[in-house]
Amino acid sequence: MDTSIWRPILYLIGFMAFAGLNAAYLGWCERKGAGRIQRRTGPMEVGFQGLLQPLADGLKLMSKQLLVPTGVDGILFRVAPILAMIPALTSFAVIPFAGNIQARSVELSVLLLFALASIAMMAILLGGWASGNKYAVISAARSVSQNLAYEIPMLVTVITVVMITGSMNLQDIAVHQQGGFWHWNIFALNKSILMPISFIIFFICSIAETNRAPFDMAEAESELVAGFMTEYGSMGFGLFMMGEYLNMVVGACLVTILFLGGWDCPFGLFPGVWWFLLKIYILLFTVIWVRWTFPRTQIYKLLNLSWKILIPFSLVNLLVTAAFIKIF
Amino acid sequence: MTVPIECRQDETFVLNLGPQHPATHGVLRVKLTLDGEYIVEAEPVLGYIHRMHEKMAEDRNFAQFMPNTARMDYLHALAFNHGYCLVVERAAGIEVPERAEYIRVITVELNRLISHILWWAAFLLDLGGFTPLLYAFDDREQVLDLLERVTGSRLTYCYFRFGGVYNDIDDEFITGTYAFIKRLRSRMPTQYHALVTGNIILQKRLKGIGIITEEQSRRYGCTGPVARGSGINYDIRKNEPYSVYPEFDFDVPVYHECDSMARYMVRMDEMEQSMRIIEQALDKLPDGPVKAKVPKILKPAEGDYWASVETARGNLGHRLVCDGKKNPYKLKLRSPTFCNLSCFAEVSEGMLLADALAFMGSLDLVIPEIDR
Amino acid sequence: MSEYWNDVIGGSKSLLIGLSITAREFFKPVVTEQYPWVVPEMTERFRGHIELIKDEKTGKPKCIVCGMCMRGCPSGCISLAGKKPEGEKKKALTKYHLDFTTCSLCGTCIESCNFGAIQFSKDYNLASTRKEDYIFDLLKRLEEQG
Amino acid sequence: MSIVEETRIALLEMFPEFAAADAAARAAADKIDDEMETMIDEMDSIEPATEGDAPAGGDDEVEAAEPAEAATEPVPEPEEPEEEGPRENGVMLTDHAARGTDIDVLCAPDQVVQAARIMDESGFFLEAITGVDWIKDDKLEVIYDYNQYGQEQCRVVVRTLIPRSEPEIPTISDVMPSANWHERETHDFYGIKFIGHPHLIPILLPEDADFHPLLKDFKP
């Protein structure tokens with residue numbers, strides 16, 4: 001790996017651009033996707049097929065004043081949206097898009113990603129708390145309990161993967177799965193027959209972790225108005241939205257690397273970054289698809305799902321995998 | 001109810017849900033005292049869209065009050081038309097031609113159908129499902145087009161007249177209605193039941209939530225789908241038949257679970273029954289005039305009269321007190337949701353905020369009708 | 001325990017069914033009308049605001065200034081005036097104002113008109129920021145229509 | 001026995017003087033409803049005489065109500081404007097097709113609680129409470145509509161007259177919780193004070209409203 005100072009910087013700029021484009025255009029994709037599912041057209045007016053809509057929205061948000069209501073904690077209120085955005089951006093530094101496209105290969109990159117994901121949750125907590133709004137405070141409380149419940153099955157599932165590959169480096173994990181879809185962790189039935197289920201568990205958890213519907217209790221517009229974002233306008237709101245989409249992208253990248261073989265082609269042909277992008281966009285589309293299909297869960301039902309179904313299943317999977325590794 | 005908002009000794013806090021809140025479908029305000037997310041006390045505060053229709057009735061003559069009736073329940077405006085017509089016809093002794101009665105039933109049932117469809121859509125929106133709303137609007141739009149053909153308006157109909165209806169229906173309306181029923185029947189199992197009713201998330205959110213027992217339902221005077229979801233077989237169309245309803249074969253869906261899911265199922269089944277009524281009415285539609293000869297200025301005899309109709313939300317009663325003059329001496333509107341909502345405070349006690357909103361959605365509130 | 005497995009397996013199945021339905025809808029054509037580009041046609045009975053009808057023979061409004069519409073209106077939004085031109089028997093309409101801000105489109109005026117002199121117009125896309133724009137001078141409108 | 005008949009007998013409990021006579025009449029012979037009506041009318045005339053034997057009433061309010069009833073009784077008589085003459089307290093059957101109601105009860109203001117209790121015990125629910133302002137007679141009429149969920153139709157109207165200058169009437173909200181809101185609404189519109197109501201603040205009118213729009217002398 002090249003250790004010159006320019007390489008990470010160039011890569012970072014590239015990833016920033018990638019992240020920025022994703023944050024803007026995932027919103028467009030979501031609106032178009034929702035429109036098609038609901039048999040509407042979605043945005044059509046600004047540019048061809050509404051392609052310039054994100055730009056227009058961004059301009060509108062930026063031209064607005066960031067209102068800081070009286071009675072809020074000024075510093076936290078301003079910091080929270082930035083805090084929602086930064087960890088997601090930082091995460092891209094360690095994600096390997098292909099064998100040679102990675103800003104920095106960190107040995108404990110899996111751990112780093114989860115640490116950063118927890119900071120994103122802190123942003124919601126702080127934003128909700130600092131707003132001094134009752135809806136926002138309820139939302140913050142919900143968000144914390146939800147994240148606590150979901151990180152356990154998520155981490156247990158990751159431990160399973162780490163046990164199989166024997167590394168906590170995302171690059172190594174992806175390399176370990178090269179050579180066709182039968183090598184992917186999702187189909188690693190020789191390691192543990194429950195791997196497809198742990199893929200589903202991990203995917204559900206990553207949706208819950210990013211506060212996406214049907215697990216968007218923190219936002220819950222019909223109950224909590226807009227949850228932690230109630231008091232935010234202009235780019236404060238914009239950053240939260242971008243942070244949400246970026247977290248989605250990071251989640252999709254993680255799922256791809258941990259379970260779907262990273263940049264590997266299903267049939268062993270032309271592995272490369274395009275396979276990686278294809279996989280994450282399929283996953284992102286699924287997330288959007290899920291959001292526009294289901295009603296919202298209720299917070300306690302969600303905790304039930306986590307504690308009664310996801311955690312037992314992931315623990316069983318962990319034990320089975322450990323047994324398989326020990327025996328074979 | 002009387003505890004001041006400040007200086008609470010316990011850990012509770014007051015949350016003002018509304019008057020502008022996405023889940024209250026209008027301008028209902030609910031003062032919630034919460035302990036965490038648990039509701040300690042709920043007090044609905046009404047009157048934000050109160051327009052004193054009863055006073056307006058006293059100032060106008062009988063026919064002039066007609067447009068007001070549509071402005072109360074904007075989702076089932078024709079039933080309010082119907083209820084008011086019934087009470088005035090009862091007072092003035094007006095006979096309605098049979099064809100007019102059939103047209104009334106057809107349009108009222110179509111209106112009930114879209115009222116339930118829109119309730120379903122809005123309820124799913126409360127629960128965070130957005131897509132069903134658009135599917136429902138797709139269907140609703142078909143009916144609105146049909147009703148626009150005959151009544152001329154799309155939401156606040158003023159179609160009924162004393163002794164009949166404003167104008168006749170045409171063949172295109174009849175074929176269009178048959179086509180719509182066929183279409184809705186084909187969409188019902190997928191877009192409605194498979195996508196939503198069978199969904200595990202919805203089932204988990206509604207089952208066992210918001211239980212109104214049969215006794216509570218009676219003590220609070222609940223009617224309509226709320227009562228029928230509590231196991232009470234009560235439908236004005238059957239219990240106190242009016243118009244030509246006795247001539248149709250339809251069932252009153254009753255569920256005994258008493259929870260939000262039961263009320264949901266009652267409404268879903270009622271849509272099917274409404275379609276049955278419409279089909280039968282269209283099949284049997286007699287020929288004849290659609291409006292009886294009625295003097296322009298009515299002067300009913302002294303006395304008081306009551307007439308009830310079944311709206312999509314329950315028993316709508318009109319009490320008309322006449323003193324022999326050309327305007328009502330007193331018109332009392334008994335709106336169904338006013339009574340249905342009154343049980344909210346008792347039932348929602350101890351519920352979670354999210355559940356309480358699901359429960360509130362299942363009551364099918366139309367605020368202008370509560371506030372009148 | 002069986003309930004638990006029912007929830008897990010039946011629940012997952014219901015979710016998959018839901019996803020399959022929305023996926024099918026995804027590939028169906030859109031049903032919405034692109035309003036400013038596609039303008040809907042109003043039905044025959046559509047109730048816009050009222051307008052006067054011209055008498056084809058004389059070219060004047062059919063209205064005979066009886067004032068029944070004015071008296072029948074529940075909200076009192078019609079005001080009209082007429083005077084007898086010299087040498088004619090009938091009154092001629094000189095003013096017909098509709099205060100559309102209070103009109104509820106009930107059709108009582110049209111019903112009460114025994115001469116078929118007013119009808120619903122088909123105008124629906126009315127928008128303005130000023131209240132005065134909704135006090136329509138229907139006589140002028142009739143003249144403008146030609 | 002039809003539900004209308006059962007309810008009528010239950011309601012007669014409020015008027016013990018008729019109840020005794022009614023029971024006697026029923027025991028004597030099976031009469032059709034119309035004749036019952038005439039019987040009641042006859043009983044009306046002998047009401048003061050039978051006032052003494054009021055033992056049957058299941059409630060202590062009966063005793064309290066009796067003197068009040070007797071006291072208020074003569075007052076409305078000369079003032080009632082209805083052409084069929086003044087109506088006296090009692091239970092009356094009405095034609096459902098013509099009126100929309102089946103039983104019409106006129107009682108003294110104090111008796112409404114007892115009426116509500118009887119209705120509650122018979123499984124009725126409260127449909128509405130409203131008032132009517134008879135400004136010419138200087139009276140306010142309070143009307144309670146009861147209905148039941150049974151398949152047979154039976155709608156009961158309980159009405160009472162209170163003086164306009166002192167519009168007070170006991171609350172029935174502790175018997176029927178649904179009356180809570182209906183009474184608040186009636187208080188809003190007519191200014192009728194429901195004695196003992198737990199929370200008599202405006203419900204539909206603004207919180208600070210001190211006017212009662214449905215009174216006939218209300219000027220906006």
Side-chain angles (χ1 to χ4, degrees), chain B residues 1-2 43-52 54-55 58 86-87 90-91 93 214 216-223 227 232-234 236 238-242 302-308 315 317-321 323 329-335 338-339 341-343 345-346 370-372, chain D residues 81-84 94 96-101 104 120 123-134 136 141 143 145-155 157 159 175-182 184-186 188-189 198-199 201-207 209 213-216 218 220:
Chain B
M1 281 175 199
T2 50
E43 187 198 354
V45 182
L46 315 177
Y48 284 90
I49 188 167
H50 175 57
R51 289 153 295 172
M52 200 72 255
E54 294 174 19
K55 186 75 180 175
E58 292 178 15
L86 277 187
V87 75
R90 179 168 274 168
E214 198 176 332
Q216 263 174 335
S217 170
R218 182 182 72 76
R219 284 158 63 82
Y220 279 100
C222 297
T223 48
I232 294 165
N233 183 2
Y234 180 68
I236 304 273
K238 285 270 189 205
N239 291 39
E240 193 184 345
Y242 58 94
E302 271 181 45
D304 62 1
Y305 309 90
W306 176 282
S308 270
N315 169 3
H318 282 81
R319 169 170 291 285
L320 178 68
V321 180
D323 61 346
Y329 189 76
K330 149 98 200 159
L331 181 73
K332 160 76 186 169
L333 297 153
R334 187 263 185 210
S335 73
F338 185 80
C339 305
L341 179 63
S342 64
C343 70
E346 187 177 313
I370 299 174
D371 287 353
R372 280 160 290 148
Chain D
E82 291 173 40
E83 68 258 357
E84 64 260 22
T94 50
H96 186 87
R99 294 278 166 166
T101 54
D104 198 321
D120 189 28
F124 278 67
F125 68 90
L126 181 70
E127 235 175 358
I129 299 178
T130 188
V132 183
D133 182 14
W134 298 106
K136 274 190 228 137
E141 186 176 2
I143 305 179
D145 289 291
Y146 296 94
N147 201 349
Q148 42 79 47
Y149 292 129
Q151 291 304 314
E152 238 177 297
Q153 185 44 231
C154 179
R155 181 175 278 115
V157 189
R159 52 182 91 223
V175 186
M176 291 264 186
S178 56
N180 188 319
W181 282 17
H182 287 297
R184 277 170 72 185
E185 187 195 311
T186 314
D188 277 10
F189 292 169
H199 194 52
I201 61 160
I203 185 165
L204 293 181
L205 295 184
E207 290 132 3
L214 278 184
L215 291 176
K216 289 282 173 187
F218 167 76

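Below, chains carry the letters A, B, ... as their sequence lines are ordered, and counting in each starts from 1.
- For chain D, the nearby part of B/Ile370 is the backbone; its heavy atoms alone come within less than 4.5 Å.
- Comparing B/Arg90, B/Glu346, B/Met52 by heavy-atom pairs within less than 4.5 Å of chain D, the highest count is held by B/Arg90.
- Within the 4.5 angstrom heavy-atom criterion, no atom of B/Asp323 approaches chain D.
- Between the CG atom of D/Leu215 and the NZ atom of B/Lys55 there is a distance of 7.5 Å, given to the nearest 0.5 Å.
- D/Leu204 contributes atom CG, which lies 5.5 Å from atom NE2 of B/His50 (distance to the nearest 0.5 angstrom).
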Begin from the C-alpha positions of D/Arg155 and B/Ser308 and carry the test side chain to side chain contact (heavy atoms under 4.5 Å, CB included) through to its verdict. CA-CA 11 Å; D/Arg155 181 175 278 115; B/Ser308 270; 3.0 Å; yes
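- The aromatic rings of D/Trp134 and B/Tyr329 lie parallel to each other, with less than 30° between the two planes, well short of the 60° mark.
- D/Gln153 and B/Asn239 form no side-chain donor-acceptor contact under 3.5 Å, judged by distance and modelled atom types alone.
- Using a 4.5 Å cut-off between heavy atoms, B/Tyr242 makes no contact with chain D at all.
- Ranking B/Gln216, B/Glu54, B/Glu240 against chain D, the residue ahead of the rest is B/Glu240, based on heavy-atom pairs under 4.5 Å.
- Most heavy-atom pairs under 4.5 Å with chain B, from the set D/Pro213, D/Ala128, D/Pro177: that is D/Pro177.
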Please test B/Cys339 against D/Glu127 for side chain to side chain contact (heavy atoms under 4.5 Å, CB included), starting from the C-alpha separation and ending with a verdict. CA-CA 8 Å; B/Cys339 305; D/Glu127 235 175 358; over 6 Å; no
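- In terms of heavy-atom pairs under 4.5 angstrom with chain B, the leader among D/Ile201, D/Leu205, D/Ile143, D/Asp188 is D/Ile143.
- The side-chain heavy atoms of B/Arg372 and D/Glu185, taken from C-beta on, include a pair separated by under 4.5 Å.
- For chain D, the option among B/Pro241, B/Ser335, B/Pro44 with the highest count of heavy-atom pairs below 4.5 Å is B/Pro44.
- With a threshold of 4.5 angstrom between heavy atoms, B/Glu58 approaches chain D through side-chain atoms but not through N, CA, C or O.
- At least one side-chain heavy atom of D/Thr101 sits under 4.5 Å from a side-chain heavy atom of B/Arg319.
- When each of B/Cys343, B/Ala227, B/Cys222 is scored by its heavy-atom pairs under 4.5 Å with chain D, the top score falls to B/Cys222.
- Proximity of D/Asn147 to B/Asn315: side-chain heavy atoms (C-beta onward) are separated by under 4.5 Å at one or more points.
- For chain B, the nearby part of D/Val175 is the backbone; its heavy atoms alone come within less than 4.5 Å.
- Remark: side-chain polar atoms of D/Arg99 are not paired, donor with acceptor, to backbone N or O of B/Trp306 under 3.5 angstrom.
- Looking at D/Ile203, the atoms closer than 4.5 Å to chain B (heavy atoms on both sides) sit in the backbone and in the side chain alike.
- Of the atoms belonging to D/Ile129, it is backbone heavy atoms, and not side-chain ones, that fall under 4.5 Å from chain B.
- When atom types are taken as modelled, the side chain of B/Arg218 and the backbone of D/Phe124 share a donor-acceptor pair closer than 3.5 angstrom.
- For B/Tyr220 and D/Trp181, the ring centers are positioned 6.0 Å apart or more.
- Under the 4.0 Å criterion applied to side-chain N and carboxylate O atoms, B/Arg334 and D/Asp145 are not assigned as salt-bridge partners.
- Under a 4.0 Å N-O distance rule, the pair D/Asp133/B/Lys330 does not qualify as a salt bridge.
- Under a 3.5 Å cut-off, the side chain of B/Lys238 and the backbone N or O of D/Gln151 do not form any donor-acceptor pair.
- Looking at B/Ile232, only its side chain comes within 4.5 Å of chain D, counting heavy atoms on both sides.
- Interface remark: of the candidates B/Val321, B/Asn233, B/Val45, B/Asn233 forms the most heavy-atom pairs closer than 4.5 Å to chain D.
- Only the side chain of D/Glu207 comes within less than 4.5 Å of a heavy atom in chain B; its backbone stays farther off.
- Here the closest heavy-atom approach between residue B/Gly221 and residue D/Ser178 is recorded as N-CB, 4.1 Å.
- Ranked by heavy-atom pairs under 4.5 Å with chain D, the list B/Gly317, B/Ser217, B/Ala307, B/Ala91 is led by B/Ser217.
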